[in-house]
Amino acid sequence: MTSLSADDSYLDHYGFSHDPFAARVPGFKFFPAQRKPVLGQLHHLARYSQLLLVVTGPEGSGKTLLRQALVASSNKQAVMSVVITPQGTADSSAVLQQIGQALNIQHADFDGVMAQIVQLALTGQEVYLLVDDAEQLTGAAVETLLRLAAGSPEARPHVFLFGEDSLVSRLEALVEGEERFHVIALQPYEEDETREYLAQRLEGAGAGLETLSEEQIARIHEQSGGWPGAINLVAREELIEAIKHSKTRKTVKGWPFPLPMKHLLAVLAVLCIIAVAFLLRGGEDEPEVQMNTPLALGNASRSAPESAASPVMPPESPSKIEFETPAAAEPANTDSALTTAVEPANDVSKENSATTAHQDGAAPSPAVTQKEAPAPVVQPAPESVVPETPAPKTPEVVRPAAQPAPVASAHSAWYAEQGGNRYLVQILGTRTEKNAQTLVAQRGSEYRYFVKEHEGKPLYVVTFGNFANRAAALAAIKTLPAALQSGKPWARSFASVQKEMRK
């Protein structure tokens, strides 16, 4: 998918007051339930711990939002918060310069900064030093912050570093095994938290969660991994892609044949030629039938006297057509049906022949004599009916109706019995229960499936395992066969599965 700018057409299409998935939206703050304990832990450690505090997570994991929440929730009368945002690589002097400006220090060196922090502590004020994008700090800058965090016997600042995972290895190299810092690793959003995040983003722009379909929400969560920055990117691409598809559908409806006019005319010419050829062939066959019928009638009339031609021909012609046409067209195993239909016609033919011969005193016509020749075919009629009664095909038709018992069924009770805080790996979803049953039967007892309603239809979701936490479920994904890993399986809690099953 290709990113587009949030121009007027994008905003107008959805009726947004602003781009809901821009990187920075003024006033937007989403704090899911899992982040509240992290915020409380930071406040607790700042009060009672002597360690430098490190918050890690990939780009777009919500570190800046957590830093903002920490500043906003601090007591403004008792805490002075100094936020440091490196512009590119920041060395020790640049960090001390920013701290000095915030604390109104003329000589912004290490000793000057510590002296001012001690003076503030005497007035009952603590100092919070919060560094965004801390992975951009040089080794000297990180070492300076470690010294500040250690402080002096009189006072010390509380130092918080918000950065990517690479920051931890650099700190470990500097402390050489000493316990001088504490790490808190952020976790991605659960699917329900992703849904709440999307809803709040869309509502802030004057829309609602119904802007996205359930399929789009699930795809956004899977492709983003539950990280808020990636959620913004994927959600925006989904909306833009939907605009492209809607325009494509309109174009297809307006002109369903995307071919040049000369090509269309050539196709129409070929179709016309085929149609004319078909009509001509049909016209050639028709005279053949018309010629055969008078010929038969003419032969019959010549074999009978003129005075008997009128009364004899009407019964003879239908009996001739009715007898000879089915006999030539039907296969041999339909004799019983044929004789049932023919027998009355033969009787009428015989009666007409006898009457004509008696009235005119003439010999029977050749056509009538030919009608009597197949008379022996009529005699075995009762015998031909008998074999049809015990039709051996009946069991063959009935036998496939009995379907074999399914190899597995939805394990609803099993999912309901598991603890909501445990995790599983979702493999795939399918509209056909047979597919889910087959995969479960082939892969083993660790695979199960449940049924949920998706867009008004049942969806059969195959899962793997039962794990104590999310980390164990993520580790299990790497052990799956390559064929299953290609479908991008993801870890989710039993609580979210149970909620879907209840719906």
Row check, F110 ring normal vs R147 NZ/CZ: under 6.0 Å, within 45°:
yes
Among residues at least two apart in sequence or on other chains, which ones pass salt bridge (charged side-chain N to carboxylate O under 4.0 Å, His left out) with E214?
R195
Please examine the side chains of H44 and Q41, heavy atoms only from C-beta on, and report whether any two atoms are closer than 4.5 Å.
no
Distance from Q125 atom CD to I117 atom CD1, nearest 0.5 Å?
12.0 Å
Using only atom types and a distance under 3.5 Å, with no angle test, would you say the side chain of K457 pairs donor to acceptor with the backbone of R431?
no
Taking 4.0 angstrom as the limit, do R470 and E190 come out as a salt bridge?
yes
Ring pair (Phe, Tyr, Trp, His ring centres under 6.0 Å) partners of residues 118-148, not counting sequence neighbours, each pair once:
Y128-H158, Y128-F160
Using the test side-chain hydrogen bond (donor to acceptor under 3.5 Å, both in side chains), find all partners of D91 that sit at least two apart in sequence or belong to another chain.
S93
Answer yes when E241 and R219 have at least one side-chain N-carboxylate O distance shorter than 4.0 Å, and no when they do not.
no
May I ask you to decide if S496's main-chain N or O and E500's side chain share a donor-acceptor pair within less than 3.5 Å?
no
Relative to the ring of Y415, is the ring of F494 parallel (under 30°), tilted (30 to 60°) or perpendicular (over 60°)?
tilted
So, for Y197 and W227, is the gap between ring centers shorter than 6.0 Å?
no
